Trainee: 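The structure is given below, and queries will be raised subsequently.
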Amino acid sequence: MKMIRLEHIDIVCEDLAESVAFYRKMGLAPEGTIDDGTTVFMFNGDDDSPVRVELHQATEGQAAGVDHIALEVADTDDAYAEGKYLGIDFLFEPLQNMQSGRRIVNMLD
């Protein structure tokens, strides 16, 4: 499995506005939003050394913290097949994410 990089970390926030302000202090800027503004994509603006954090407003009863870590691989389908062979549990088969345009698959560590 050819791992390329850590693509982003997704964090569920108790207070989205406070979290956006915090990551702004860390040098990230909003790159876009979805879900009526309850998800904000933060980016350092450096394509050579990108740092991306995806922030979500917690919904009622949802715990704050890391939701997922996105890893970029050379080929999603090949990584899925290799992972299945190695006994990795996946939540679903690879699919095209309509929001990001990326081919994705989620696995459990």
Side-chain angles (χ1 to χ4, degrees):
M1 181 177 319
K2 172 77 172 156
M3 189 91 52
I4 296 174
R5 66 185 170 105
L6 189 149
E7 209 292 324
H8 71 270
I9 297 176
D10 184 306
I11 302 172
V12 176
C13 311
E14 289 182 13
D15 185 315
L16 183 60
E18 280 185 19
S19 292
V20 168
F22 172 80
Y23 285 100
R24 280 181 173 274
K25 291 176 187 175
M26 301 298 290
L28 303 182
E31 184 177 36
T33 65
I34 58 171
D35 303 328
D36 297 322
T38 61
T39 299
V40 178
F41 301 96
M42 306 292 290
F43 177 49
N44 69 342
D46 185 345
D47 288 323
D48 292 328
S49 296
V51 175
R52 284 192 163 86
V53 177
E54 183 176 338
L55 304 172
H56 292 278
Q57 177 60 55
T59 57
E60 187 175 334
Q62 185 179 25
V66 174
D67 180 72
H68 67 265
I69 299 170
L71 304 169
E72 184 176 343
V73 295
D75 185 294
T76 304
D77 294 295
D78 285 349
Y80 175 76
E82 185 176 341
K84 291 295 277 185
Y85 175 78
L86 295 172
I88 293 174
D89 292 324
F90 291 87
L91 297 177
F92 51 81
E93 294 183 6
L95 59 85
Q96 196 69 27
N97 182 295
M98 301 314 284
Q99 291 174 327
S100 69
R102 299 180 185 135
R103 189 143 177 84
I104 65 168
V105 66
N106 287 13
M107 63 184 158
L108 302 170
D109 70 358

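Note: hydrogens, waters and symmetry copies are ignored here, and every other heavy atom, side chains too, is used. Note that the structure is a prediction, hence the values are computed from the model and not measured.
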Trainee: Taking the side chain as everything from C-beta on, heavy atoms only, tell me whether Arg52 gets closer than 4.5 Å to Glu31.
Mentor: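 Sidechains of Glu31 and Arg52: in contact.
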Trainee: Any heavy-atom pair between the side chains of Asp75 and Lys2 that's under 4.5 Å?
Mentor: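 Result no, sub-4.5 Å side-chain heavy-atom pair not found.
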Trainee: At what distance, to the nearest 0.5 angstrom, does CD of Glu93 lie from CG of Asn106?
Mentor: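 Going from CD on Glu93 over to CG on Asn106, the span is 13.0 Å.
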Trainee: Nearest heavy-atom pair of Gly37 and Leu16: which atoms, and what distance?
Mentor: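 Reported closest heavy-atom pair: O-CD2, 3.3 Å.
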Trainee: Treating Ile, Leu, Val, Met, Phe, Trp and Tyr as nodes and any side-chain heavy-atom pair under 4.5 angstrom as an edge, say whether Met42 and Met26 lie in one connected cluster.
Mentor: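 Same hydrophobic cluster.
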Trainee: Any non-hydrogen side-chain atom of Asp46 less than 4.5 Å from a side-chain atom of Val51?
Mentor: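 Not touching, per the 4.5 Å side-chain cut-off.
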Trainee: Under 3.5 Å, is there a donor-acceptor pair between the side chain of Gln96 and the main chain of Gly101?
Mentor: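 Checking the backbone N and O of Gly101 against the side chain of Gln96, a donor-acceptor pair under 3.5 Å is found.
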Trainee: Which residue pairs satisfy the ring-ring contact (aromatic ring centres under 6.0 Å, His included) criterion with at least one member in residues 17-48, sequence neighbours excluded?
Mentor: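 Those involving residues 17-48 do not exist here.
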Trainee: Considering all heavy atoms of both residues, which atom of Thr76 and which atom of Pro94 are nearest to each other, and what is their separation?
Mentor: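 It is CG2-CB, 4.0 Å.
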Trainee: Could you measure the distance from the CD atom of Glu72 to the CD1 atom of Ile4? Nearest 0.5 Å is fine.
Mentor: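 Answer rounded to 0.5 Å: 4.5 Å.
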Trainee: How many angstroms lie between atom CG of Asp10 and atom CG of Asp67, to the nearest 0.5 angstrom?
Mentor: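 Reported value, rounded in 0.5 Å steps: 4.5 Å.
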Trainee: Pairs in or reaching into residues 49-76: which pass ring-ring contact (aromatic ring centres under 6.0 Å, His included), with residues at least two apart or in two chains?
Mentor: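 Passing the test, one end in residues 49-76: His8-His68.
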Trainee: Grab the two heavy atoms, one from Pro30 and one from Val40, that are nearest each other, plus how far apart they are.
Mentor: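 Smallest interatomic distance, heavy atoms only, reads CB-CG1, 4.2 Å.
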Trainee: Any ring-ring contact (aromatic ring centres under 6.0 Å, His included) involving residues 72-102? Give me the pairs, sequence neighbours left out, ordered by first then second residue.
Mentor: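 Matches after skipping sequence neighbours: Tyr80-Phe90.
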Trainee: Could you note down all residue pairs passing salt bridge (charged side-chain N to carboxylate O under 4.0 Å, His left out) where residues 95-104 supplies at least one of them, sequence neighbours left out?
Mentor: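 Counting only pairs at least two positions apart or across chains, the salt bridge (charged side-chain N to carboxylate O under 4.0 Å, His left out) contacts touching residues 95-104 are Glu7-Arg102, Asp77-Arg103.
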Trainee: Is there side-chain contact between Met107 and Val105, with at least one heavy-atom pair below 4.5 Å?
Mentor: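 Heavy-atom side-chain distance check fails, nothing below 4.5 Å.
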Trainee: OG1/Thr38 to CG/Leu55 distance, rounded to the nearest 0.5 angstrom?
Mentor: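 Separation between the atoms: 11.0 Å.
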Trainee: State the CD1-CD1 distance between Ile69 and Ile11, to the nearest 0.5 angstrom.
Mentor: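 Separation between the atoms: 9.5 Å.
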Trainee: How close do Pro50 and Arg5 get, counting heavy atoms only, and between which atoms?
Mentor: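 Looks like CG-NH1, 3.5 Å.
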Trainee: How long is the span from the CG atom in Leu91 to the CG atom in Leu108, to the nearest 0.5 Å?
Mentor: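 Rounded to the nearest 0.5 Å, the CG-CG separation comes to 4.5 Å.
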Trainee: Taking salt bridge (Lys or Arg N to Asp or Glu O under 4.0 Å) as the definition, give me every residue that meets it alongside Glu14, ordered by chain and number, with sequence neighbours left out.
Mentor: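 So Glu14 forms no salt bridge (Lys or Arg N to Asp or Glu O under 4.0 Å) with any residue.
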Trainee: In chain order, what residues pass the side chain to side chain contact (heavy atoms under 4.5 Å, CB included) check against Leu86, with sequence neighbours excluded?
Mentor: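 Checked Leu86 against side chain to side chain contact (heavy atoms under 4.5 Å, CB included); matches are Glu82.
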Trainee: Would you say that more than 12 heavy atoms from the other residues, nucleotides or ligands in this model lie under 6.0 Å from the CG of Asp35, or not?
Mentor: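 Counting other residues, nucleotides and ligands, CG of Asp35 exceeds 12 neighbours.
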Trainee: Are Met98 and Leu95 in one and the same hydrophobic cluster, where Ile, Leu, Val, Met, Phe, Trp and Tyr link if side-chain heavy atoms are under 4.5 Å apart?
Mentor: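 No, separate clusters.
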Trainee: Can you give me the closest heavy-atom contact between Ala79 and Met1, atom names plus distance?
Mentor: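 Reported closest heavy-atom pair: O-CE, 3.6 Å.
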